[in-house]
Amino acid sequence: SAKRSGRGGFRFFTTDYLKAATERRALEQDLLRALELDQFELYYQPVVEARTDRVVAAEALLRWNHPERGLISPAQFIPLAEESGLIGPLGEFALRRGCADALHWPAMLRVAINVSPLQFGDEDDFVKVVQCVLRQTGLPPERLELEITESVFLQNDDKVQRIFRGLKALGVRLALDDFGTGYSSLGSLRQSPFDKLKIDQSFIRGATEHASRNRPIVEATASMAQALHMVTTAEGVETFDQLDLVRAQRVTYVQGYIYSPPLPADVFLTLARDDWTIAPAGPACQRAER
Ligand code: C2E
Ligand code: MG
Ligand code: MG
Ligand code: MG
């Protein structure tokens, strides 16, 4: 009967919900010790100049080597780290490791590090952290780019604006990540401290399909960025059609499986060289990370 299935459904829901909550808490506990146990690793994904196929930079992407669960995606553990307060030390680990690794690459390659606004702390705490890491590692500031995701925290906040100015004064570059998915208004780009807009992969996906509503968004973003003297990166480019589209729109850089998936640090180091170009390889290389 409806009654019975309703009860059964409720019981089922409760058990599932509890199981998920328990798993989450267990993962959060593991996360707290994972830094000490050295379970985090950075992968590097080449960032390629669209016009020339030249690699100009790499984005550092965190991976968690969990002893029982295997490789865990940052989409899963970054939110946990943000909730548990671990994002500060974890973000600093990524920053320090990324800068140290980049010193071993050819000097024309920059490194891009993802930053959560929750790392900012009070006043100029974060600016001091970046300054300190640059000093300790010896990486020239112009080789460091910080990717900051659009978020509510960025909106019209004086403290955040001071932090951006402090970072710019250090000589690092700033990129606005996942552009178009978040909260920043077009008006906030008028006096933007950002050098670069990263066009989110959700807009690239399907952009080449017939009557796509993503295509005009990609086109408008690219031409607006140009008019504002900002460079652009298209994220998640996987097919030749998508590559043709972003090239035609004069998007500056491309990051996506069509050139390369994120690579383990040692693999990236082996491949990196002066005047490094990569031929786009299409959907065939999409499974390369595994
Ligand atoms: P993101 O910064 O937007 O990074 C781009 C994501 O797109 C990466 O996912 C990358 O592996 C993936 N990607 C690159 N090319 C393609 C493609 O052609 N197709 C598809 N389907 N995906 C592609 P990943 O590595 O899973 O990272 C997810 C997110 O986790 C990142 O998004 C970033 O927001 C966050 N994250 C990663 N590392 C860090 C970190 O050190 N600190 C912080 N705060 N966040 C991080
Ligand atoms: Mg990023
Ligand atoms: Mg992104
Ligand atoms: Mg993204």
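Keep in mind that what you see is a predicted model, and the values were worked out from it rather than measured. Residues: numbered from 1 along the sequence shown.
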Begin from the C-alpha positions of Leu71 and Asn65 and carry the test side-chain contact (heavy atoms from CB on, under 4.5 Å) through to its verdict. CA-CA 5 Å; Leu71 222 55; Asn65 279 306; 2.8 Å; yes
Answer yes or no: is there an ion pair linking Arg54 with Asp275, defined by an N-O contact shorter than 4.0 Å? yes
Measure across Ala207 and Ser212 and return the closest heavy-atom pair with its distance rounded to 0.1 Å. CA-OG, 3.5 Å
Ring centroid separation Phe268 to Trp276 under 6.0 Å: yes
Counting neighbours of CZ on Arg51 that are heavy atoms of other residues, nucleotides or ligands and sit closer than 6.0 Å, is the number greater than 12? no
Hey, is the main chain of Leu80 close enough, under 3.5 Å, to the side chain of Glu83 for a donor-acceptor pair? no
Are Phe194 and Phe164, when compared by the centres of their aromatic rings, separated by less than 6.0 Å? yes
Taking Arg96 for its side chain and Val133 for its backbone only, find out whether a donor-acceptor pair lies under 3.5 Å. no
Interatomic distance, CD1@Ile199 vs OH@Tyr253, rounded to 0.5 Å, equals 13.5 Å
Closest non-hydrogen contact found for Val246 with Val254 is CG2-CG2, 3.8 Å
In terms of hydrophobic clusters joined by side-chain contacts under 4.5 Å, are Ile217 and Leu186 together? yes
Heavy atoms of Leu42 and Gly98 approach each other most closely as CD1-N, 3.6 Å
Heavy-atom side-chain proximity of Leu245 to Glu219 below 4.5 angstrom: yes
Gap between atom CG of Leu37 and atom CG of Leu32 - 0.5 Å precision: 11.0 Å
Just checking, any donor-acceptor pair under 3.5 angstrom between side chains of Asp200 and Ser202? yes
Which heavy atom in Gln242 sits nearest to a heavy atom in Ile204, and how many Å separate them? NE2-O, 3.5 Å
How many angstroms lie between OG1 in Thr208 and CG in Asp244, if you round to the nearest 0.5 Å? 9.5 Å
Please verify the inter-ring angle class for Phe77 with Phe40; under 30° counts as parallel, over 60° as perpendicular, anything in between as tilted. tilted
Is the side chain of Arg143 donor-acceptor paired with the backbone N or O of Leu109 at a distance under 3.5 Å, no angle test? yes
Nearest heavy-atom pair of Gln201 and Gly236: which atoms, and what distance? CB-CA, 3.8 Å
Looking at Arg205, is its backbone amide N or carbonyl O close enough to the side chain of Asn214 to form a donor-acceptor pair, meaning the two atoms are under 3.5 Å apart? yes
Transitive ILVMFWY side-chain link Leu35 to Trp64, under 4.5 Å: yes
In a check of side chain to side chain contact (heavy atoms under 4.5 Å, CB included) between Leu144 and each of Leu139, Leu170, Leu167, which one passes? Leu139
Heavy atoms from other residues, nucleotides or ligands near CZ of Arg247 exceed 12 (cutoff 6.0 Å): yes
Donor-acceptor side-chain pairing of Ser84 and Glu28 below 3.5 angstrom: no
Compare all side-chain heavy atoms of Arg63 with those of Pro74 and state whether any distance is below 4.5 angstrom. yes
Rounded to the nearest 0.5 Å, the CG atom of Leu31 sits from the NE2 atom of His66 at a distance of 9.0 Å
Could you tell me whether Glu145 and Lys198 have a side-chain N and a carboxylate O separated by less than 4.0 Å? no
Intermediate values then yes/no, side-chain contact (heavy atoms from CB on, under 4.5 Å), Asp125 and Phe120: CA-CA 7 Å; Asp125 282 357; Phe120 287 167; over 6 Å; no
From the list Leu118, Ile87, Thr149, side chain to side chain contact (heavy atoms under 4.5 Å, CB included) partner of Ile78 resolves to Ile87
For Arg250, look at atom CZ and say whether over 12 heavy atoms of other residues, nucleotides or ligands are found less than 6.0 Å away. no
Let me know which of Lys159, Arg162, Lys128 forms a salt bridge (charged side-chain N to carboxylate O under 4.0 Å, His left out) with Glu123. Arg162
Asn114 and side chain to side chain contact (heavy atoms under 4.5 Å, CB included): which single residue from Ile148, Asp177, Leu62 fits? Asp177
Charged N-O contact under 4.0 Å between Arg165 and Asp124: no
For the atom pair OG1 (Thr232) and CE (Met224), what is the distance rounded to the nearest 0.5 Å? 10.0 Å
In this structure, CG of Asp195 is separated from NE2 of His229 (nearest 0.5 Å) by 13.0 Å
Audit row: Val237, Tyr259, side-chain contact (heavy atoms from CB on, under 4.5 Å) steps and yes/no: CA-CA 8 Å; Val237 173; Tyr259 283 108; over 6 Å; no
Hey, does the side chain of Gln45 reach the backbone of Ser260 with a donor-acceptor pair shorter than 3.5 angstrom? yes
